[in-house]
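As the structure is a computational prediction, the values presented were derived from the model and not from experiment.
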Amino acid sequence: MCGLSFFCVKQSASDTNLQLEASLAVTKHRGPDASGTYFTTVADFQIGLGHNRLSILDLTAAGSQPMHAGNGISIIFNGEVFNHHELRDDLVKKGYTFNGTSDTEVILKLYVEYKEQAFKQLQGMFSLVILDENARKFFLVRDVVGIKPVYYYSSANGFYACSEIRGLKSYPEVVAEIDNDDVFEFFNNGFIYEPNTGYKAIKKVQPGTYIEFDLTTGARTIVRYQDIINFNTQRSIADTIESAVTRQLEADVPVGVFFSGGADSSILANYTGAADLFFAKYEETEDSAVDMKFSAEIAKHLGKELKVTEILDANDNPFESIDFVAKNTEELVSDYTFWATYRLSDEARKSGYTVMLSGMGGDEAFAGYPRYKVLKHHNLIRAVYPLLKSLLKLNLFPKKLDKKFERLVSYAQESYWPLAYSRMLGYFSKQELSNFFSNYSTLENTYKQRLDNVLTQYKGDVDDKVKCAQHFDMTGFLSHNLGVSDKASMLASIELRVPLLDERVVANGFATSSADLLKDGAPKAPLKTLLKSLLPSTLVNRPKTGFNPPLDGIILRLGAERLASEFQRIYQFLNREEVERLIKSHFSGAANNTYKLWQLLYFERWLKFNFA
């Protein structure tokens, strides 16, 4: 895992070399072991390639970047290619020789042999730039699942790319202007669908695509080079996951496992040999007690050490964690688990680990979230909307569902399904959003057009809402999770690997029918069946809790008066009266608005740190 920075500008530009050095400096946490640059001129463009290295494979100088093939072809690469041994063997048969054992060199020479057809042969998590000076072009490429984000900015004068937005901002020409349509989308979901980021002109390369830039004409083309379903095999899910874990254990540095005691991380723990398990302990709640109990028992059963790190927020400074999240997510993503992921990663780094495995991705690939059960019964939910609305109005629903029942009602209310799915994912109701935005109808129409673009790329049965949701999650909910995990872990200089998002594993889940994914009403049934073959039933049959640290205590400690005084910048975008109503109804006990207030507070601090 590393960080890359790149520019391609017309020769009239000045100081871009120094700007690239500055970009690498602010993203040094992504690769503290070494840095390298390469500058050249092709046609009418000045070009710079920069790289920060976190040494994982081939710790020698032979793995340093930028790396060159000696024929005008250069590469900067972030991530891992897990099938590099097979690719290397094929290239050796064709007469290629290698200076080291890194996967970077394999990609470079694979491109020499196959040009852009090389990209579809790669399996792993990566973003990369290949400069081909003789062909007068460069490529910016991202893996098919989208595990490794890469951002870019394009103008009439040139093109910039970086692993993080903060690195892009080191180039003065990059204009970081907020996008009002993105703000509206953010309050619908809590995140933004790719390629959008919250900024008008800063975008992400989408999964399975590359940008080709012609240095002769200045033309830019976006090409989809791979689709996840092409990786589907006839192998069993057990064999596929074991293979994924085995090849992702490869490293020339120590490897550990983030562990929650849930199905996904427990499956990984079975296949990871002697690797230690890291567990996050939050403020004492019913869910955290369940997680702790099962994690300890599973670790004992597997004969593994369970290392527990406490993620407790100090009572005297709740803004420590809030500001950390707002500063470092970069995109508009109000996910508090960013803080916990960083704290876990930092503890792992202090314990001597450079690579950690995570069980994330299993819920998206195999329909593991509770919402998928609701989606399976979409028509029924729509039919009983009047009843659900009445129950909400009369407050006649289980107290433990106080944060979710309103979202269920909002989902049932919408006739346009992609928008209904946003209601399920987001915290705010349609009425609240309408009160927030004076031009609600215009913003909603624009958002529907964006959702239409996502829907048109779906090739399956539109009446199967479970499979539809899996498609939407690839560039939405999963994308936001991956962005959070990438940045949070890299801030601690930890490479985070996700075996359950191996292309073959995801393809297996996507090819599995909704009926089989939710067999007997159980989410991610294929993974639960696998787990039952690996662990005693007493350790398998447990409540799902999720990786969600409690925010209720933080909001309560802040109090209504302090919270109201914090809100200033958000009123450029949101109606003050609606914000104050949400505060009042929460602290009067009329409603539990914890997550809504958290999202508002995150947005306020995000504006402060990015547009001061």
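Ring geometry for Y199 against F611 counts as tilted: the plane angle lies between 30° and 60°, on a 0 to 90° scale. Ring-plane geometry between F324 and Y342 is classed as tilted, the angle between the planes lying from 30 to 60 degrees on a 0 to 90 degree scale.
Residues V454 and R450 fail the side-chain proximity criterion, which asks for heavy atoms closer than 4.5 Å.
For the 3.5 Å distance criterion, the side chains of Y151 and E331 qualify, holding a donor opposite an acceptor. Between Q65 and T104, the side chains place a donor N or O and an acceptor N or O closer than 3.5 Å (distance only, hydrogens not considered). Between the side chains of S358 and R497, no donor N or O sits under 3.5 Å from an acceptor N or O. N52 and S35 share a side-chain donor-acceptor pair at under 3.5 Å. A side-chain donor-acceptor contact under 3.5 Å links S5 and S23. A donor-acceptor pair shorter than 3.5 Å cannot be found between the side chains of T27 and R166.
Salt bridge annotation for D132-K137: absent, with no cationic side-chain nitrogen under 4.0 angstrom from a carboxylate oxygen. The pair K608-D323 does not meet the salt-bridge criterion, since no charged nitrogen lies less than 4.0 angstrom from a carboxylate oxygen. Look at R30 and D486 and you find a salt bridge, because one of the NZ, NE, NH1 or NH2 atoms lies within 4.0 Å of a carboxylate O, short of that distance. A salt bridge links R247 to D502: one of the charged nitrogens lies within less than 4.0 Å of a carboxylate oxygen. Salt bridge annotation for R136-D214: absent, with no cationic side-chain nitrogen under 4.0 angstrom from a carboxylate oxygen.
Residues that satisfy the side-chain contact (heavy atoms from CB on, under 4.5 Å) test with T16, not counting sequence neighbours, are F7, V9, A13, Q19, Q46. E173 pairs by the side chain to side chain donor-acceptor pair (under 3.5 Å) definition with S155, N157, Y160, not counting sequence neighbours. By the salt bridge (charged side-chain N to carboxylate O under 4.0 Å, His left out) test, E194 pairs with R142, K204, sequence neighbours left out. With sequence neighbours left out, D452 forms a side-chain contact (heavy atoms from CB on, under 4.5 Å) with Y416. Residues that satisfy the salt bridge (charged side-chain N to carboxylate O under 4.0 Å, His left out) test with D464, not counting sequence neighbours, are absent from this structure. Every residue two or more places apart in sequence or in another chain that forms a side-chain contact (heavy atoms from CB on, under 4.5 Å) with N71 is listed here: A69, I73, V112. For Y152, there are no side chain to side chain donor-acceptor pair (under 3.5 Å) partners two or more places apart in sequence or in a different chain. With sequence neighbours excluded, the residues forming a side chain to side chain donor-acceptor pair (under 3.5 Å) with T40 are E133, listed by chain and number. In this structure K28 satisfies the salt bridge (charged side-chain N to carboxylate O under 4.0 Å, His left out) test with no other residue, sequence neighbours excluded.
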- From CA spacing to verdict: side-chain hydrogen bond (donor to acceptor under 3.5 Å, both in side chains), K327, N610: CA-CA 8 Å; K327 285 178 182 177; N610 288 284; over 6 Å; no

- Query: Which is it for H68 and S74 under the side-chain hydrogen bond (donor to acceptor under 3.5 Å, both in side chains) test, yes or no, and what are the steps along the way?
  - Reply: CA-CA 4 Å; H68 312 282; S74 306; 2.7 Å; yes

- Could you check R349 against S493 for side-chain hydrogen bond (donor to acceptor under 3.5 Å, both in side chains), going step by step and ending with a plain yes or no? CA-CA 7 Å; R349 184 73 180 185; S493 300; 5.1 Å; no

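Centroid-to-centroid, the aromatic rings of Y353 and F278 come within less than 6.0 Å. Centroid-to-centroid, the aromatic rings of F603 and F187 come within less than 6.0 Å.
Residue pairs meeting the ring pair (Phe, Tyr, Trp, His ring centres under 6.0 Å) criterion with at least one partner in residues 228-250, sequence neighbours excluded, do not occur; the list is empty. Applying the side chain to side chain donor-acceptor pair (under 3.5 Å) test to residues at least two apart or on different chains, the pairs with a partner in residues 86-97 are Y96-E113. Counting only residues at least two apart or in different chains, ring pair (Phe, Tyr, Trp, His ring centres under 6.0 Å) contacts with residues 101-140 comprise F6-F138, Y111-F139, F119-F139, F119-Y210, F138-F159, F138-F213, F139-Y210.
A donor-acceptor pair is defined here as one N or O able to donate and one able to accept, closer than 3.5 Å; no such pair exists between the side chain of E250 and the backbone of T246. Formation of a donor-acceptor pair under 3.5 Å by the T197 side chain with backbone atoms of I202 is found in this model. For D103 (side chain) and V81 (main-chain N/O), a donor-acceptor pair under 3.5 Å exists by modelled atom type. Not one N or O on the side chain of T272 forms a donor-acceptor pair closer than 3.5 Å with the backbone of A275. For D143 (side chain) and G146 (main-chain N/O), a donor-acceptor pair under 3.5 Å exists by modelled atom type. Under the 3.5 Å distance criterion, the side-chain polar atoms of Q470 are matched with a main-chain donor or acceptor of A365. A donor-acceptor pair under 3.5 Å is formed between the side chain of D179 and the backbone N or O of D182. Under the 3.5 Å distance criterion, the side-chain polar atoms of N230 are left unmatched by any main-chain donor or acceptor of Q226. A distance-only check finds no donor-acceptor pair linking the side chain of N328 to the backbone of A488 [under 3.5 Å]. In terms of modelled atom types and a separation under 3.5 Å, the side chain of K467 and the main chain of T512 share a donor-acceptor contact.
Across Y193, F472, Y369, a single residue satisfies ring pair (Phe, Tyr, Trp, His ring centres under 6.0 Å) together with F477, and that is Y369.
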